[in-house]
Amino acid sequence: MTCTLRVLGCSGGIGADLRTTSLLLNDNLLIDAGTGVGDLSLDQLRKIDHVFLTHSHLDHICCLPLMADAVGGSRRTPLNVYGIHETIHALQEHIFNNVIWPDFTKIPNAENPFISLHIIELNELMKFDQFTITALPVAHSIAANAYAIASETRTLVFSGDTGVSDDFWQAINQQKNLKHLIIETSFLDHEEELAIASGHLSPSLLMQELGKLDQKVCHPEFQVWVCHLKPDGADAIMHEISDHTINSVTQPQKLTSNTVLHF
Ligand SMILES: [Zn+2]
Ligand SMILES: [Zn+2]
């Protein structure tokens with residue numbers, strides 16, 4: 001059984017037709033809840049049972065409160081929201097706090113609320129019918145994680161937001177049959193200092209990081225997808241990446257909304 005991942009949004013910002021990070025897996029699981037979620041119909045929103053968050057930054061969670069409000073009343077069970085301790089704590093403290101947004105973990109009642117928050121641990125493998133999902137370590141400006149999603153035969157890794165990290169690559173190098181690696185590159189090479197300070201990558205840093213990947217874990221059709229490009233510099237970032245990878249076997253491609261990946 002293969003899995004299907006549809007990109008609802010994967011930009012580092014909004015404007016024109018850009019949408020922020022949100023990936024829909026097999027119609028009922030969402031990874032991050034950026035502005036891409038806003039394109040889904042009510043029926044599509046209602047089908048989502050699980051939301052896995054990479055971290056609590058607004059571009060990755062902004063549609064979660066609105067989504068809970070839109071479909072919470074017409075779902076039979078709570079929407080399950082997963083994240084590492086820091087992410088879940090931030091949602092409770094700063095979003096669902098009855099100031100920014102109602103506390104939907106207790107509405108309409110604590111027994112059967114609109115949303116249910118779940119803390120997950122790094123490297124903990126969670127089993128679903130058609131796949132497993134595991135949170136992997138990354139290095140960002142706040143606590144954050146990546147996700148590895150493995151079907152019976154292939155694996156997809158999504159970095160979320162990350163800067164330079166050895167732990168992330170050690171975790172990737174434990175995977176099998178890696179078919180897709182979706183990885184961020186937020187800034188241009190001349191902005192490397194800013195990239196490092198904010199826990200993001202530039203094209204040079206991406207190349208340096210890809211050098212840590214053990215080719216033995218890669219599927220023959222392995223593909224690197226670049227996401228989270230800052231809207232202002234998106235084309236220039238991709239040019240810099242292709243300049244760096246001119247003689248490379250793996251030519252990273254730009255991920256865009258509506259791309260569908262099978263694995
Ligand atoms: Zn972030
Ligand atoms: Zn981000």
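Every number for a ligand or one of its atoms is a count from 1 in the order of the listing.
Considering just the N/O/S atoms of H57, the one nearest the Zn ion (ligand 1) carries the name ND1. Summary: OD2 is the N/O/S atom of D59 found nearest to the Zn ion (ligand 2).
A side-chain hydrogen bond (donor to acceptor under 3.5 Å, both in side chains) with H55 is found for exactly one of T162, D161, T87, N145, namely D161.
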T2/H262 under side-chain hydrogen bond (donor to acceptor under 3.5 Å, both in side chains): CA gap, chis, key distance, verdict: CA-CA 7 Å; T2 57; H262 300 282; 5.1 Å; no
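Distance alone, capped at 3.5 Å, places no donor-acceptor pair between the D189 side chain and the I237 backbone.
A side-chain N or O of N26 and one of Q130 form a donor-acceptor pair less than 3.5 Å apart.
In summary, an N, O or S atom of H228 is located under 2.8 Å from the Zn ion (ligand 2).
Between OD2 of D161 and NE2 of H60, the angle at the Zn ion (ligand 2) works out to 90°, rounded to 10 degrees.
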